[in-house]
Amino acid sequence: MITEIIAVGTEITLGSIVNTNAVYLSKRLSEMGLEVCYHTSVDDDPVRLSGVFSIAVDRSDLIILTGGLGPTEDDLTKETIARVLGRSMISDISVEEQIKNIFTYSNRPMPSNNLKQARKPEGTEFIPNLKGTAPGIFIKHEGKLIVLLPGPPREMIPMFEGFVTELIKDDLHISIRSINTIGIGESALEEILREMDINIPDFTVNTYASLGTVEIKIVGKGYDKKLLERNSKILIERLSERLGDSIYGFDNITIEEAVLNRLEDKNLNLAVAESVTGGEITRRITKIPGASRHFISGIIAYSEASKVRDLNVSEDTLEKYGAVSSETAVEMAKGLLNRKDVDIAISTTGFAGPSTGEGKPIGLVYICVADKTRVEIFERIFTGDRQAIQEKAASLALANLHKFLNNPLTRCRQ
């Protein structure tokens, strides 16, 4: 069933609010086995909405519209839809009473234009709104299913979960799995996938790159749920065997979540010393609930004086090798490991641009991962602007930490 989501509202097209409804609905519809093929946003203009909706009716089997069901003059979604479908608008006396009761219960005077919300296209049914005054509308039209829902997520989501899912459910199942990789480029990953010649009926395998990571999305569709699950498992196993250490997790786990899971498994404590990444590693880790169980501290030692004062980096090292060097990165990490409560340390130093001042290339980064017995140093030259270099460096640091934690030589704290 080809599905289309239309967001109605000038506040969306102007960028005043983010269209979170489309994200939520796309995820839930996909979980239900419904194929979301189109996203459209349109302002509160009946002519443009008519055009957008007419196109949707021609190309989609299920159309869900959000927004434009309120009591004000610019809320014209259902009136516009009725006109396109050639249906008259009628009032529902029982819904009028419900709206009046809401205002009576809250001891508020009811503006007369609120009764506009009790009107609907002829031959349709209302969808109850337990969180507001604007009911939704469900329409069957020439084999198409059309759903109108209010824009506020606090109203839309309960209506979708409580009523709409039963109205639109299909027998088709969909299986969505993800393999999350790091340290391998998207083009190299696609080449590996071509070499593997993955070909299982009703399954697609695609890659989606972000800064420093690539997600492999495995999507299967069919009416036999057990067969889908079995084939999905086969694909995951084949890809896992081929990609090995490039995989840090599954089903959209972030690299920082994977790192914290390994720290939890081994009962180890982490500290971070950042120069070039400017706190990006610390930010990513501390946004995760429960990070404090194994994350001890993050130090932004940006200046040379801070490296000496806060991390005991030798002035001789800075003078001889420079602040951006493998030697400095190692001493930064060792400065953290002097603390008894720190088991593992990461340090970063480098040039994010726009200039270096030392004759070294922009994008040069050194990352050190160390514990009390082992030290690993990584050198990389990243491309991109300042922010991209910082984010890529943070991702690589976390990736190398994850591999370090997976190494059998990394022992658990007793």
Side-chain angles (χ1 to χ4, degrees), residues 183 212 256 259 263 268-286 294-405 407 409-411:
E256 49 268 25
V259 163
L263 291 170
L268 297 174
N269 294 334
L270 170 70
V272 179
E274 302 185 66
S275 182
V276 65
T277 46
E280 176 66 14
I281 298 172
T282 299
R283 183 192 68 80
R284 292 194 195 181
I285 291 174
T286 55
H294 297 283
F295 183 72
I296 300 301
S297 66
I299 296 174
I300 302 176
Y302 211 64
S303 67
E304 292 190 4
S306 175
K307 292 177 175 66
V308 173
R309 181 183 65 247
D310 300 327
L311 297 168
N312 295 318
V313 175
S314 166
E315 292 183 350
D316 290 340
T317 298
L318 291 170
E319 183 176 351
K320 184 176 181 179
Y321 300 105
V324 178
S325 63
S326 60
E327 291 80 5
T328 296
V330 169
E331 290 194 18
M332 289 171 67
K334 287 184 174 179
L336 294 172
L337 290 166
N338 287 332
R339 294 180 52 172
K340 291 183 179 179
D341 58 348
V342 175
D343 302 306
I344 293 184
I346 315 177
S347 66
T348 67
T349 184
F351 294 113
S355 62
T356 68
E358 296 185 16
K360 298 178 181 178
I362 294 171
L364 175 64
V365 171
Y366 291 95
I367 296 165
C368 181
V369 182
D371 62 13
K372 305 290 187 183
T373 61
R374 290 187 298 143
V375 174
E376 293 186 1
I377 190 76
F378 306 91
E379 177 184 335
R380 183 70 63 86
I381 298 177
F382 293 107
T383 58
D385 60 19
R386 184 178 181 84
Q387 182 178 347
I389 291 169
Q390 290 177 318
E391 291 180 351
K392 289 177 182 178
S395 293
L396 181 62
L398 289 164
N400 288 327
L401 172 59
H402 189 259
K403 291 180 181 179
F404 192 97
L405 289 165
N407 193 311
L409 295 175
T410 306
R411 297 179 179 176

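- For the side-chain contact (heavy atoms from CB on, under 4.5 Å) test, residues two or more places apart in sequence or in another chain that qualify with Glu315 are Val308.
- The minimum heavy-atom distance linking Thr317 with Glu331 is given by the pair OG1-OE2, 2.5 Å.
- With a 6.0 Å radius and a threshold of 12 heavy atoms from other residues, nucleotides or ligands, Lys320 has its NZ atom at or below the threshold.
- Summarising the geometry of Ala329 relative to Tyr366, their closest heavy-atom pair is CB-CB, 4.1 Å, with the distance given to 0.1 Å.
- Remark: the backbone N or O of Val369 is not paired with any side-chain donor or acceptor of Glu376 at under 3.5 angstrom.
- In this structure, Phe295 and Thr282 have side chains that are in contact, with non-hydrogen atoms separated by less than 4.5 Å.
- Distance alone, capped at 3.5 Å, places no donor-acceptor pair between the Asn269 side chain and the Ile296 backbone.
- To the nearest 0.5 angstrom, Lys360 atom NZ is 11.0 Å from Ile381 atom CD1.
- Distance CD1/Ile299 to OG/Ser347: 11.0 Å, rounded to 0.5 Å.
- Scanning all heavy atoms of the two residues, the minimum distance from Gly384 to Ile389 falls at O-CD1, 3.5 Å.
- Contact of the Thr277 side chain with the Val272 side chain is not registered, since no non-hydrogen atoms from C-beta on lie closer than 4.5 Å.
- A donor-acceptor pair shorter than 3.5 Å cannot be found between the side chains of Thr328 and Thr349.
- Considering only heavy atoms from C-beta on, Leu270 stays 4.5 Å or farther from His294 through its side chain.
- For the atom pair CG of Leu396 and CD1 of Ile367, the computed distance is 4.0 Å after rounding to the nearest 0.5 Å.
- The two atoms that bring Thr383 and Lys392 nearest to each other are O-NZ, 3.0 Å, heavy atoms only.
- At distances below 3.5 Å, not a single donor-acceptor pair connects side-chain atoms of Lys334 with backbone N or O atoms of Asn312.
- When atom types are taken as modelled, the side chain of Glu304 and the backbone of Leu318 share no donor-acceptor pair closer than 3.5 angstrom.
- Looking only at side-chain heavy atoms (C-beta outward), Leu337 and Lys372 come within less than 4.5 Å of each other.
- Residues Ser314 and Glu327 fail the side-chain proximity criterion, which asks for heavy atoms closer than 4.5 Å.
- Residues satisfying the side-chain contact (heavy atoms from CB on, under 4.5 Å) criterion with Leu268, sequence neighbours excluded, are Leu263, Lys266, Asp343, Ile344, Leu405, Thr410, Arg413.
- Here Ser395 contributes atom OG and Glu256 contributes atom CD; the two are 7.5 Å apart, rounded to the nearest 0.5 Å.
- Considering every non-hydrogen atom in both Val365 and Phe382, the closest pair reads CG2-CD1, 3.8 Å.
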- Task: List the steps and the verdict of side-chain contact (heavy atoms from CB on, under 4.5 Å) for Ile285 and Leu398.
- Result: CA-CA 10 Å; Ile285 291 174; Leu398 289 164; 4.1 Å; yes
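- Note that OG of Ser275 and NZ of Lys307 are 3.0 Å apart. Values are rounded to the nearest 0.5 Å.
- Between atom CG of residue Leu401 and atom SG of residue Cys368 there is a gap of 11.0 Å, rounded to the nearest 0.5 Å.
- Taking each heavy atom of Glu280 and Glu391 in turn, the nearest pair found is OE2-CG, 4.3 Å.
- Without hydrogens or angle criteria, Ser306 side chain to Ser303 main chain gives no donor-acceptor distance under 3.5 Å.
- For Ala271, the side-chain contact (heavy atoms from CB on, under 4.5 Å) partners two or more places apart in sequence, or in a different chain, are Ser297, Leu336, Val342.
- Contact of the Val324 side chain with the Val276 side chain is not registered, since no non-hydrogen atoms from C-beta on lie closer than 4.5 Å.
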